[in-house]
Enquirer: 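Can you keep this structure in mind? I'll have questions shortly.
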Amino acid sequence: MFISTTTIRVRYGETDQMGYLYYGNYGLYYEVGRAEAIRELGFSYRQLEERGVIMPVAELNVKYLRPAYYDDLITVKTILKEMPKGSKIQFHSELYNEKNELLNVGVTTLVFIDVKTKQKAGLPEELQKILAPFFE
């Protein structure tokens with residue numbers, strides 16, 4: 001299993017009239033967590049794209065437990081629970097406030113796509129080598 005954490009402060013423009021983090025912005029927080037998790041592994045989305053692989057979102061599941069508020073410092077925990085198989089990769093996200101209360105959970109499924117053929121591709125070999133030690 002691989003776990004990465006990053007923090008994001010809720011900005012005013014991300015909130016709704018009630019001062020809550022707008023529900024549609026949680027997916028953006030998941031994306032920040034995914035990008036930082038991959039960067040923590042010594043890789044980046046940019047490197048994948050340069051090698052001809054893109055990763056569109058195929059599915060997003062979200063569960064809201066408690067609200068996040070303007071100016072809260074949110075910890076985004078991004079988890080790979082299993083080694084990606086085939087063309088899909090699943091990132092589990094958990095968002096916590098400064099009191100370490102679980103606010104939100106989600107699962108984002110992305111698909112590896114060959115940029116030239118626009119067809120599904122397998123897990124890039126370089127990424128597989130980086131992830132393998134976490135799942136042995």
Enquirer: Apply the hydrophobic cluster definition, ILVMFWY joined by side-chain contacts under 4.5 Å directly or through others, and give me every member besides Y12.
Expert: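 Y70, all in the cluster of Y12.
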Enquirer: Is there a side-chain contact between V107 and S93 in this structure, where contact means two heavy atoms from C-beta onward sitting under 4.5 Å apart?
Expert: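 Sidechains of S93 and V107: no contact.
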Enquirer: Does a side-chain heavy-atom distance below 4.5 Å link V53 with D114?
Expert: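 Not in contact.
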Enquirer: Would the Y30 and F91 ring centres measure less than 6.0 Å apart?
Expert: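 No - the distance between ring centres of Y30 and F91 does not fall below the 6.0 Å cut-off.
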Enquirer: Should Y20 and Y29 be regarded as members of a common hydrophobic cluster, given that ILVMFWY residues are connected when their side-chain heavy atoms come within less than 4.5 Å of each other, either directly or indirectly?
Expert: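 No, Y20 and Y29 fall in different hydrophobic clusters.
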Enquirer: List in chain and number order the residues that pass ring pair (Phe, Tyr, Trp, His ring centres under 6.0 Å) with F43, two or more places apart in sequence or in another chain; answer none if no residue qualifies.
Expert: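 Expected list: none.
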Enquirer: Quick test of your reading: applying salt bridge (Lys or Arg N to Asp or Glu O under 4.0 Å), list the pairs with at least one residue in residues 127-136, sequence neighbours left out, ordered by first then second residue.
Expert: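 Of all non-adjacent pairs touching residues 127-136, those that pass salt bridge (Lys or Arg N to Asp or Glu O under 4.0 Å) are E125-K129.
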Enquirer: Quick one: salt bridge (charged side-chain N to carboxylate O under 4.0 Å, His left out) partners of E126, sequence neighbours excluded?
Expert: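 E126 satisfies salt bridge (charged side-chain N to carboxylate O under 4.0 Å, His left out) with R51 once adjacent residues are dropped.
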Enquirer: How would you list, by chain and number, every residue that makes a ring pair (Phe, Tyr, Trp, His ring centres under 6.0 Å) with Y45, sequence neighbours excluded?
Expert: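 Partners of Y45 by the ring pair (Phe, Tyr, Trp, His ring centres under 6.0 Å) criterion come out as none, since no residue qualifies.
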Enquirer: Looking at every non-hydrogen atom in both residues, tell me the closest pair between L80 and Q90 and how far apart they are.
Expert: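 What the structure gives for the nearest pair is CD2-O, 3.1 Å.
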Enquirer: Quick one: pull up OG1 in T78 and CD in E40 and give me the separation to the nearest 0.5 Å.
Expert: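 Spacing of OG1 (T78) from CD (E40) equals 9.0 Å.
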Enquirer: We want to know whether E59 and N61 form a side-chain donor-acceptor pair, criterion being a heavy-atom distance below 3.5 angstrom.
Expert: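 Note: E59 and N61 side chains meet the donor-acceptor criterion.
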Enquirer: Could you tell me which residues satisfy side-chain hydrogen bond (donor to acceptor under 3.5 Å, both in side chains) with R11, sequence neighbours excluded, listed by chain and number?
Expert: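 Here the qualifying residues are E14.
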Enquirer: Once rounded to the nearest 0.5 Å, what's the spacing between atom OG of S4 and atom CG of L41?
Expert: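 Nearest 0.5 Å value for the OG-CG distance: 7.5 Å.
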Enquirer: Kindly compute the distance separating NZ (K81) from NE2 (H92), expressed to the nearest 0.5 Å.
Expert: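 Result: 5.0 Å between the selected atoms.
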Enquirer: Counting only N and O atoms by type, is there a donor-acceptor contact under 3.5 Å from the side chain of Q47 to the main-chain atoms of S44?
Expert: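 Yes; judged by distance alone, with no hydrogens or angles, the pair exists.
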Enquirer: Specify the closest pair of heavy atoms between F112 and G86, including all atoms of both residues, with the distance to one decimal.
Expert: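 Nearest pair, atom of F112 first, then G86: CD1-O, 4.4 Å.
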Enquirer: Between I38 and I113, is there a shared hydrophobic cluster once you connect ILVMFWY residues whose side-chain heavy atoms come closer than 4.5 Å?
Expert: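 Result: no, two separate clusters.
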Enquirer: Honestly curious: do M83 and L48 fall in one hydrophobic cluster under the side-chain, below-4.5 Å linking rule?
Expert: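 Yes, M83 connects to L48 through the hydrophobic network.
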Enquirer: For F134, what residues pass the ring pair (Phe, Tyr, Trp, His ring centres under 6.0 Å) criterion, not counting sequence neighbours?
Expert: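 Ring pair (Phe, Tyr, Trp, His ring centres under 6.0 Å) check on F134 returns F2.
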Enquirer: Cluster question for you: counting only ILVMFWY and a side-chain heavy-atom cut-off of under 4.5 Å, with indirect links fine, are L28 and L73 together?
Expert: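 Unlinked, L28 and L73 end up in two clusters.
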Enquirer: Does CZ belonging to F135 count more than 12 external heavy atoms closer than 6.0 Å?
Expert: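 More than 12 heavy atoms, drawn from other residues, nucleotides or ligands, come within 6.0 Å of this atom.
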Enquirer: Can you tell me how far CD1 of I89 sits from CG of L127, rounded to the nearest 0.5 angstrom?
Expert: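 Those atoms lie 6.0 Å apart.
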Enquirer: Rounded to the nearest 0.5 Å, how far apart are CD1 of I74 and CG of L103?
Expert: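 Going from the CD1 atom of I74 to the CG atom of L103 covers 5.0 Å.
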Enquirer: For L65, what are the other residues in its hydrophobic cluster, where any two members join if their side-chain heavy atoms are less than 4.5 angstrom apart?
Expert: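 Hydrophobic cluster check, L65: joined to Y96, L102, V105.
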Enquirer: Applying a strict under-4.5 Å side-chain criterion to I, L, V, M, F, W and Y, I'd like to know whether L60 and I54 cluster together.
Expert: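 In one cluster: no.
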Enquirer: Could you pull out all residues at least two apart from E49 that satisfy side-chain hydrogen bond (donor to acceptor under 3.5 Å, both in side chains)?
Expert: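 Expected list: none.
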Enquirer: Among L110, L123, V111, whose side chain to side chain contact (heavy atoms under 4.5 Å, CB included) with K88 holds?
Expert: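 Testing K88 for a side chain to side chain contact (heavy atoms under 4.5 Å, CB included) against L110, L123, V111 leaves exactly one candidate, V111.
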Enquirer: Pick one: which of L95, L21, V76, N25 meets side chain to side chain contact (heavy atoms under 4.5 Å, CB included) with I8?
Expert: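 By the side chain to side chain contact (heavy atoms under 4.5 Å, CB included) criterion, I8 pairs with just one of L95, L21, V76, N25: V76.
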Enquirer: I'd like to check the ring pair (Phe, Tyr, Trp, His ring centres under 6.0 Å) partners of Y26; sequence neighbours left out, ordered by chain and number.
Expert: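 Here the qualifying residues are Y64.
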Enquirer: Just to verify, what does T5 make a side-chain hydrogen bond (donor to acceptor under 3.5 Å, both in side chains) with, not counting sequence neighbours?
Expert: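 T5 satisfies side-chain hydrogen bond (donor to acceptor under 3.5 Å, both in side chains) with no other residue.
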Enquirer: Applying side-chain hydrogen bond (donor to acceptor under 3.5 Å, both in side chains), name anything that partners N97, two or more places apart in sequence or on another chain.
Expert: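 N97: side-chain hydrogen bond (donor to acceptor under 3.5 Å, both in side chains) contacts with E101.
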Enquirer: For a 4.5 angstrom cut-off between non-hydrogen side-chain atoms, does E94 reach I79?
Expert: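 Yes; the side chains approach each other to less than 4.5 Å.
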Enquirer: Rounded to the nearest 0.5 Å, how far apart are CZ of R34 and OG1 of T6?
Expert: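 With rounding to 0.5 Å, CZ (R34) is 13.0 Å from OG1 (T6).
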